[in-house]
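Quick note on labels: first sequence line is chain A, next is B, and so on, each numbered from 1.
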Protein chains: 2
Amino acid sequence: MVSSKDVAKGAGVSQPTVSRVLNKPDSVKPETREKVLRTMQTLGYKPNLIARSLITNNTKTIALISGPVCNEFFAESIDSIVRKADEYGYKIIVYFDEEENLDDILKSVSGFNVDGILMSSITLEESQLEKIKALNTPYMFFARRSKLKSNSVTLDDKRASVMLTNHLIDLGHEKIAMITGESDRSTFLERRQGFDKAINAAGVDIPDSYYIKIKDSSRKEVGEAVKKLIQLYEPPTAVLCASDAIAISAIDVLLSMNLRVPEDISICGFDNVGLSSHRAIQLTSIGYDGGHIGEIAVQHLIKQMNRKERALEDQDYKILSPKLFIRKTTKEINSY
Amino acid sequence: MVSSKDVAKGAGVSQPTVSRVLNKPDSVKPETREKVLRTMQTLGYKPNLIARSLITNNTKTIALISGPVCNEFFAESIDSIVRKADEYGYKIIVYFDEEENLDDILKSVSGFNVDGILMSSITLEESQLEKIKALNTPYMFFARRSKLKSNSVTLDDKRASVMLTNHLIDLGHEKIAMITGESDRSTFLERRQGFDKAINAAGVDIPDSYYIKIKDSSRKEVGEAVKKLIQLYEPPTAVLCASDAIAISAIDVLLSMNLRVPEDISICGFDNVGLSSHRAIQLTSIGYDGGHIGEIAVQHLIKQMNRKERALEDQDYKILSPKLFIRKTTKEINSY
DNA sequence: CTGTTAGCGCCTTCAG
DNA sequence: CTGAAGGCGCTAACAG
């Protein structure tokens, strides 16, 4: 391991001069700079970022605490986040938050002195937000947010849900079911609220059996939910799925049951994931039409990190307007 | 930032004792240990992993240099890698290798002193392998490998391709095309070789126009490839796609052209990605049937890192047996 | 413009 | 079993 000291010796200068060549090149006489650079080259010197971090107290590293990648939304977010962060010279450490291990993750994150935290798996619980804030590290939630005001980039989920539900109502549906996730996630809560709002505004009556809550968007969970709905005395004619991941699994299950989408039942989802525009799927979905949410979150986070004053005001609260993509999984109720 | 020195002062012991409580608890008298642990608690002490790394020279961090996540295979590999690494207490830093920026990535990787490297985007070129080896860091390639013997976990791509091609031949196809990627990747090269081998063995003749090489598995690239094939005077009756990502895009394009899969044309791919078993896709594919390749690579890498002797022998060369999953996108040639 | 000195937070001898 | 001293590789003052 060749160190800056070795370079210094080789170039016949002091070690701090080597350091300066790297950090403030202008403050070094061109000739010595060249000499130092040359010996760096010949010795194959690579600055030790760890040692630098110990002093500067920044690691050029961002922790991403993500939902599972089997949900394409999160896959897309990892992709856009890594790329965008790279543009700014930041590395991404990935964690998957599941099974209540947030504490472990935060322990790792804080010991490692990441410069910022990006998190999609935040719940509404105040205690989670407090744990994050306790780290005293710039953070930004994306896709989901906490109950209390905090830094986040989210879709206007309630409005999105109203729009999507209205789309179904406009198609003549009245027997509309909803498959959603735990209501401790802002997405699921607000998508449910928007659904109720639109349903009430339309004066439609929805039985309790039309609301199904699932633990994750696995085929198994979604399968059970779909079966419950189909086996009802009056099955729904349309299902609002609280994410595209759920919707795509639902389509899988329905097709396996020899039901047709949308002829037998309309399906739609949220997030406008890449796959939803695949010709074999053509899922009606609602999402943000612009850079990926994760990418936007990176930009906000970095802006926040650059504000030297560690105000950490928790006021960077951005809500994106949804756009509806009507495709082929939703259809008028009377036309068959 | 509360340091071990602060804890020491608070507990009335020396700083190294605090350190020992963390690293060799048995070497500290239970009473003092308790006292130290208690003051750690009250002061909210978190050990600084950066400082520790500077001495121990390990970061408990693995760099993952991955292909793009829009290819579900890589999405699945990130998922399995992060989870498996976490089991062993390792963090994953994600890089996406594209556009010739491997040098930049390696610069970052080496400066950061990661403990190991996991890479799927390796090309056959010797120079790439040399660059990796020059870092003198344990590494493991997965999915793809270098030309020279090196540490890797791969599918037996050639054999897989023979099996898949034979499946098409068994169905009566003779006009079989192949859409593949750059032949500087071992996967694409060997899948091509296996294809040729099976074709020759069957005594079938394939025109050059049936071989199409694309730059990536984007809809655009695949779209152009598919159109070229369809517009031929004698279009193929089956297409072997060198990855499921390509196959799924191909299906998308074909359906958009109002062609039916498999009635008009059979399609199959490699990797047996999750989506291929979706009822709306049902892609015939060949892949490894067992833990994900990425996960296996993690285990090998960690084993290698634990071998204290930095032999770095480049002999951990594992080849997995493929398994064929026949689904609904391939069909006998004569049955329509 | 450059060298000297000090120290980031921790672990590792080595005494005792 | 514990403390004192030294240093990992680097940056941050301060002189000169």
In terms of side-chain heavy atoms of [X], which of [options] is nearest?
X	options	result
Thr56(A)	dT11(D), dG9(C), dA5(D)	dT11(D)
Lys29(B)	dC1(D), dC8(D), dC1(C)	dC1(D)
Thr32(A)	dA5(D), dG9(C), dC1(C)	dC1(C)
Ile55(B)	dG7(D), dG3(D), dG9(D)	dG7(D)
Arg52(B)	dC10(C), dT12(C), dC10(D)	dC10(C)

**Item:** Pairing of Arg185(B) and Glu182(B) as salt bridge, 4.0 angstrom limit
**Value:** no
**Asked** Start at the 5' end of DNA chain D and walk down; is the nucleotide closest to Lys5(A) or to Val13(B) reached first?
**Response** Val13(B)
**Prompt:** So which one's nearest nucleotide on DNA chain D is more toward 5', Arg33(B) or Lys46(A)?
**Reply:**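 Comparing both residues, the 5'-ward one is Arg33(B).
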**Request:** Verify the distance criterion only: is there a donor paired with an acceptor across the side chains of Thr42(B) and Thr39(B) at less than 3.5 Å?
**Result:**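 No, no side-chain donor-acceptor pair sits under 3.5 Å.
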**Request:** For Ser121(A) and Asp97(A), test the side chains for any donor-to-acceptor distance below 3.5 angstrom and give the result as yes or no.
**Result:** yes
**Asked** Going by modelled atom types, is there a donor-acceptor pair between the base of dC10(C) and the side chain of Gln15(B) at under 3.5 Å?
**Response** no
Between [N] ([atom2]) and [X] ([atom1]): distance, integer Å:
X	N	atom1	atom2	answer
Lys9(B)	dC10(C)	NZ	P	13 Å
Asn48(A)	dG7(D)	CG	P	18 Å
Asn58(B)	dC11(C)	CG	P	11 Å
Leu54(A)	dC11(C)	CG	P	12 Å
Leu49(A)	dC8(C)	CG	C1'	15 Å
Asp6(B)	dC10(C)	CG	P	9 Å
Asn57(B)	dC11(C)	CG	C1'	12 Å

**Prompt:** With a 4.0 Å cut-off on heavy atoms, is Ser53(A) in touch with a base, just the backbone sugar-phosphate, or nothing at all?
**Reply:** nothing
**Prompt:** Which is true for Val18(A) with a 4.0 Å heavy-atom rule: it touches a base, it touches only sugar-phosphate, or it touches nothing?
**Reply:**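 It contacts nothing in the nucleic acid.
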**Prompt:** Could you give the distance from CZ (Arg144(B)) to CD (Gln128(B)), rounded to the nearest 0.5 Å?
**Reply:** 10.5 Å
**Complete:** Taking every heavy atom of Ser4(A) against every heavy atom of Tyr45(A), the minimum-distance pair comes out as N-CE1, 3.4 Å
**Request:** Write down the atom of Val69(A), the atom of Ile78(A), and the distance for their closest heavy-atom approach.
**Result:**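 Scanning both residues completely, I find the closest heavy atoms to be CG2-CD1, 3.7 Å.
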**Asked** Would one find a side-chain N or O of Ser14(B) under 4.0 angstrom from OP1 or OP2 of dG3(D)?
**Response**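 Yes, within the criterion.
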**Asked** Does any residue of residues 19-27 of chain B have a heavy atom under 4.0 Å from DNA chain D, and if so, which ones, in number order?
**Response** Arg20(B), Ser27(B)
**Request:** Indicate, with yes or no, if the rings of His292(A) and Phe73(A) have centres closer together than 6.0 Å.
**Result:**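 For His292(A) and Phe73(A), the ring centres are under 6.0 Å apart.
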**Asked** Does the ring of Tyr317(B) carry Lys149(B) above it, NZ/CZ under 6.0 angstrom from centre and within 45° of its axis?
**Response**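 Judged by the rule (NZ or CZ under 6.0 Å from the ring centre, within 45° of its axis), Lys149(B) counts as positioned above Tyr317(B).
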